[in-house]
Each structure stands twice: as structure tokens, then as C-alpha cells.
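Let me begin by presenting the structure, written as C-alpha cells, before commenting on it.
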There are 2 protein chains.
Amino acid sequence: MKGDTIYKRTYNRMIVYLGELKIGDALDSENVLKSKLTASRTTIRKVLQEFELKQLIVIKSTKKTLLRKPKAKDSFPRAETLSNAARIEKKFLEWMLRADPKPGDIINELELARQFGVSTSGIREFLNRFSRFKLIERRPNSGWCFQGFTEDFALELFEVRELFEMRSAAAFATLPDNAIAWNELHVLKIDHKNLLRNINKDFHNFSDIDERFHQLVNNASMNRFIVDFYDLISLIFHYHYQWNKVDERKRNKAAILEHLDYIEALFSRDPKRIEVACKKHFISARNTLLSSLKTPLPVS
Amino acid sequence: MKGDTIYKRTYNRMIVYLGELKIGDALDSENVLKSKLTASRTTIRKVLQEFELKQLIVIKSTKKTLLRKPKAKDSFPRAETLSNAARIEKKFLEWMLRADPKPGDIINELELARQFGVSTSGIREFLNRFSRFKLIERRPNSGWCFQGFTEDFALELFEVRELFEMRSAAAFATLPDNAIAWNELHVLKIDHKNLLRNINKDFHNFSDIDERFHQLVNNASMNRFIVDFYDLISLIFHYHYQWNKVDERKRNKAAILEHLDYIEALFSRDPKRIEVACKKHFISARNTLLSSLKTPLPVS
DNA sequence: AAACTGTTTTTTATATGCAAAAATACAAAT
DNA sequence: ATTTGTATTTTTGCATATAAAAAACAGTTT
């Protein structure tokens, strides 16, 4: 009753690993495989035995050799390698998007469990973890109350986000010259410029680059609470990007330009300049988010 | 298998409620009792039936009358009215204090379950909730890793605390004249002065007043993320107060004086003055915490 | 008909059961 | 000294079972 997603995940990783060898090559020892594929030796052995059975490898005491290359399509489908918890998270986010629950709505564990086809304990555990984002609230001995992604929520979120990122950006400027963050920032600058060049076609790629950029800045704070808070930002933005498609190209182009300005400010290490660029970006980001909250959901 | 702590809690509340009536008085209707004692009608009825059985009240269709007054000592002991979850939390904090786990230590669910005499699912749920404080981290398919209340942890905690409270204090100054927060601040000022007068005797009462004060300031931010973060501060301070007894009287006296200064600054509504008082207090609070981290635990 | 009580259905809180995975142990082989 | 074979023991992840509590429904009484 535990599911065998780890076995399947390890199996898939083994296929990738074998794909990198040549026929006749010897495999690494079990202990090395254990760290390479991140699983216990117990699981590694189980997978190896399965591969021997399928005559992909031959095991002769301490020597394991590759007989023929596995095909990538023999892998288990990705969905089967997700843990139950990950699957529930995915389903819940999809459900939120679809059902669009309003503040004050009650969600109950049994109902969700039935809808998702999983046990109540899985749902319960998920909701417990998810509640850290403050989008739902437990009512003891009753259900969960949906708080909703309201304007207040967005404003409070942005207040903290701004507070944190201003601090992080200031910290970024004081990083030593040889910090890898500078290289990463350089790469991001190039990526931004490339995206700007193909903005008409690739504008929806902005979401990824946006997350990478802000995460890089926040990491400079070296503060677990600040870094952790970015999980919530990511979630909200991911969620929000799903439905606010109005003017997306135009908005993203503007944001890229702001980012480039912000990046230059970071390279300059001038605190004043950084503050100005950062603040400017947040003002427009907040406006974007707020205006999209007022746009009703498209009817599907 | 759900435990009957709610029944017991309601039973105790009913005793208090009956204590306020005179013999021969009619009890409120079930629905009124339901809101007065905050429980479901189902539970209210169960309790009422028990009281009837014990001949404390008589139920005649729609009329319930008090026969004789219950004695307070017939209540269930407080420990039995705590939910399982609350009991686990309490035990875990005690355990942390006693076992003093070090960063990198692994805690496992089964072990704790056995030690606390509860089921693993209870432990699991608690650890999941508790992990939001970042003192423990889940290792999938393995156990939980204790992160420890290290110096880094304390510094990062204080960085955010300061950021948040500076913002909250500034917001406090802009509250309208008729906000109840001003009255509460006034009460707190008096309480501080009283405590200062009896500091030699009552110095250990500072912990409570400290929490009330900072919570009041933080609430002025009207930001759920800022307010929520104070849970962590409370936890850490509660935990920390348990063992750092060195110079407690002296430290608390100094802190009270800083608070009084801070309170006056808030009343003045002068942003500059507030900032100075707030910052000053945080510098010494941080030093206190850091120095206590370096003090080894007293051997018990 | 509004408020109340009696009864039934649904949901939560918690314990328990069990397969998968991890950890451990140690002798045997290279 | 590393690696493997094998067996054993623990522990996790998830499902399910069940008593307590809540909610919903249906009658009564004022």
C-alpha cells in the first residue's frame, strides 16, 4: 500500500544511465549506483535484477556488463513516477483553477478524496502542508475554509515580497566579485536579450525567466525565510499566469525591459540605483496582478 | 478512535455554565447552548443527557431545569480536554528542550510515536505542520532532519523580524486616533511601569508582556504574512526563555526600559524617533539571544 | 411559522494495517 | 579494502477502519 513510484523512478534513471554506456562496458558498483541514481541499495538491486531478467545486462558475481542498450520508450510514464503527494498537489492546483473557489467556500476532505480518487489521509496531509500559503484555513472539527486570492491577499503578498526583495537586492550588490551569482546574472541578462529579440513568438517563455531571475536575487539574501517565501510567490504567479492572458505579450515585453534595467543596476552595485530599478519593477508588477484580479475568469 | 476531548471540554464548560444559574432556573435551549459553549448540538445533547442521568438537571420535553449545582471538582482534568494534536505539540516541545537535538540529527516518526505513546499518523501530522518553522526538514522516504536553533538560524530570524517590525511600527504611527490599538498600547505602558516597580520579584513575568507588546505592534501591519511570522518568534522565545536564566532579571529590566522608550516613540508618531527606538531594542534583543546560544545548556 | 427537539447522514480525528523502501548486518568473494 | 549475496529489521507512505463530532433532515411544540 505504499506505491512503487520510487522503483519506477529508479528504473527510468537506470535506463538513462545505461544509455550513456557502450555495449560491453562494466556498470558501476551498487554503492556507486546508489548515489548516482539516489535510491537505496535495496531498490538498485531490484532494478538490476529486472534488467538482467530482460537480458539488457549480465551479472556475473562482481562484474556487471551491458549487453544491449535499453530504449528510452521502455521507461515508465512520467505520471507513474510521481509520488502520491506530488500527484495530489498537481490535482489540487488544477482543481483550484477549474472550480475557482470563492473566499468563504468550504472544502471538505472526503469530497476531494473522492474527486481525486485518493485516500483522505493523502488529502489531509496535503491540505495541512498547503495551508502554509494562507490560501486555506483549517476549521477544527469541521472542514477547510478557502480564503481566496483576493485583492487584500495580493497586496499583503506584494508588501512582503517588496520588503524581501529590496533587502535581497541590496545584499546582491555586496556579493564578492568571484561569486557565481554574477555569472548567473550575466547568463540571465543574455537570456533576457534573446527573449526580447523573439518576443512576438516566445513571449510566454517569460514566466520561467522571471522566476529564475527573482529567485537568483532572493537567494543572495542567504536567509531561509526570505528564500522560502519565494515558494508562495512562484505558486501564485504560476497560478495567475494560467488565466491572465490579456495583453500578455505587451506586459511581458515591458517587464523584460524593467528586468534589464534592474540587472544593469545590480551590476553597477550602486545601492540607490538598485533601489530605484527594483521599486519601479514592483510597481508595475503589482499593477499587473491587481488589474488581472479584476478581470473575470474566461468561461471555459 | 477519535478521542472524546471535545465532549470533556464541553462537559467542563457546562459545569461552569450551570454554576452561574440558580436552582430551579431554566437552561437555555440547545441551540443557544451550542453557541455559548461552542460545540455542536450533538455534543451538547450528549452532555445534557449525562447531567440528567446524574440528576443535576431534569429534562421535560422543551423545558430543562437545574436541580442542584455541580461542583467544580467534578470537571475532567485539563489534560484530558486537550486534543491529541495539542498534546503532541506540547510533548514535542518538551522533548526538544530535554533531548536538545543537534543540527543534522535525524528524528524518526516511529521512535517519537513510541516515546510519546501516540500513533505515527499523529506524529506525522504534527511534524508536517511544525516544519513550517524550518527547525526540521523532511527527507523523503527517510526521516526528518533536525536543523537546529543555530546562530545562523537566529540571525536570519532576526533579520526578518526586524524588517517586519520596522514596517509594522511605521504603520502603527499612522493608525487613526480612535483605533483601539492606542488604548491597548496605553494599557501596556501601565503594565510595563508596574512590572518595572516590582521587577525584583516579578521579572519572569516579562516574557508575557513582551509577547503582548510585539504582537500588538505587528498586528498594526494588517498583513497576514507578517502577523503569521510572529508565531515563530513566539515559539522560539518561549523555548529560549526556558533555559537562558543567566542575568534574567537584569536583561528584562533593560528590555522594559527599551520598551517604554519605544512606546513613547509610538505615541509621538514621529517616524524617525520610532525607527531609532525600535532599532535600539532589536540590537540588544539580538545580542541577548546570540549570547545565550553560546551558553551551554545547564546539565539537568 | 418560528423555535425547539429527535433522528439520520456525513465528516473529521485518530489508530491500525500493510507493502515498498531504506537501513543494517555480516559472511563470502574479488 | 571494496564489492556483493543474503537475510533481517526498521521505517516510511499510503489506505482503511472506526468512534466522536458535526451537519442535515424531519418531525413537534409552542
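Below, all heavy atoms of this structure are taken into account, side chains as well, without hydrogens, waters or symmetry copies. Labels below follow one simple rule: chain letters A, B, ... track the order of the sequence lines, proteins then strands, and each chain is numbered from 1.
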Remember a base hit wins even if backbone is also touched, and classify [X] as base, sugar-phosphate or nothing at under 4.0 Å, heavy atoms.
X	value
B/E125	nothing
B/R138	sugar-phosphate
A/E111	nothing
B/R139	nothing
A/S121	base

Contact state string [nucleotides 20-30 of chain C, B base, S sugar-phosphate only, - no protein heavy atom under 4.0 Å] = BSBB-B----S

Does anyone know the first and last nucleotide of DNA chain D in reach of chain A, 5' to 3', at under 4.0 angstrom to a heavy atom?
->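 Endpoints of the contacted stretch of DNA chain D: D/dT3 to D/dA23.
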
For the ring pair B/F164 and B/F225, is the centre-to-centre distance below 6.0 Å?
->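 They do not qualify: ring centres at least 6.0 Å apart.
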
Using heavy atoms to find the nearest nucleotide of DNA chain D for B/I107 and A/K60 separately, return the residue whose nucleotide is more 5′.
->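 By nearest-heavy-atom nucleotide position, the 5'-most residue is A/K60.
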
Can you find a side-chain donor-acceptor pair between B/R138 and B/N128 that sits under 3.5 Å?
->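 Yes - a donor-acceptor pair under 3.5 Å links their side chains.
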
Exercise: do B/R9 and B/T38 side chains pair donor with acceptor under 3.5 Å =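 No, B/T38 and B/R9 have no side-chain donor paired with an acceptor closer than 3.5 Å.
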
Counting only non-hydrogen atoms, which of residues 77-88 of chain B are less than 4.0 Å from DNA chain D?
->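 Under 4.0 Å from DNA chain D: no residue of residues 77-88 of chain B.
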
Closest-nucleotide 5' rank along DNA chain C - winner of B/E30 and B/T120 =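 That would be B/E30.
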
Would you indicate, yes or no, if C/dT12 has its OP1 or OP2 atom less than 4.0 angstrom from a side-chain nitrogen or oxygen of A/R124?
->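 For C/dT12, neither OP1 nor OP2 has a side-chain N or O of A/R124 closer than 4.0 Å.
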
Considering non-hydrogen atoms only, spot the tightest contact between [X] and [Y] and give its length.
X	Y	value
B/L48	B/K64	CD1-CD, 3.9 Å
A/N141	B/K2	OD1-NZ, 3.6 Å
B/R124	A/E125	NE-OE1, 3.1 Å
A/I59	A/E52	N-OE2, 3.3 Å

For the pair made of CG in B/L110 and P in C/dG17, what is the distance, rounded to whole Å?
->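 One finds 13 Å between P of C/dG17 and CG of B/L110, rounded.
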
Whole-Å gap separating C1' (C/dA13) and CG (A/N128) |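 Computing the A/N128:CG to C/dA13:C1' distance gives 11 Å.
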
Walk me through it: do A/H214 and A/N218 pass the test side-chain hydrogen bond (donor to acceptor under 3.5 Å, both in side chains)?
-> CA-CA 6 Å; A/H214 290 291; A/N218 276 283; 5.3 Å; no

Which is it for B/T5 and B/L82 under the side chain to side chain contact (heavy atoms under 4.5 Å, CB included) test, yes or no, and what are the steps along the way?
-> CA-CA 6 Å; B/T5 61; B/L82 287 177; 5.9 Å; no

Under 30°, 30 to 60°, or over 60°: which ring-plane class applies to A/F153 and A/F149, parallel, tilted or perpendicular?
->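 Rings of A/F153 and A/F149: perpendicular, over 60°.
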
Would you mind checking if B/R132 and B/D231 are paired as a salt bridge, meaning a charged N to carboxylate O distance below 4.0 Å?
->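 Looking at B/R132 together with B/D231, the answer is yes, because their closest N to O distance falls below 4.0 Å.
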
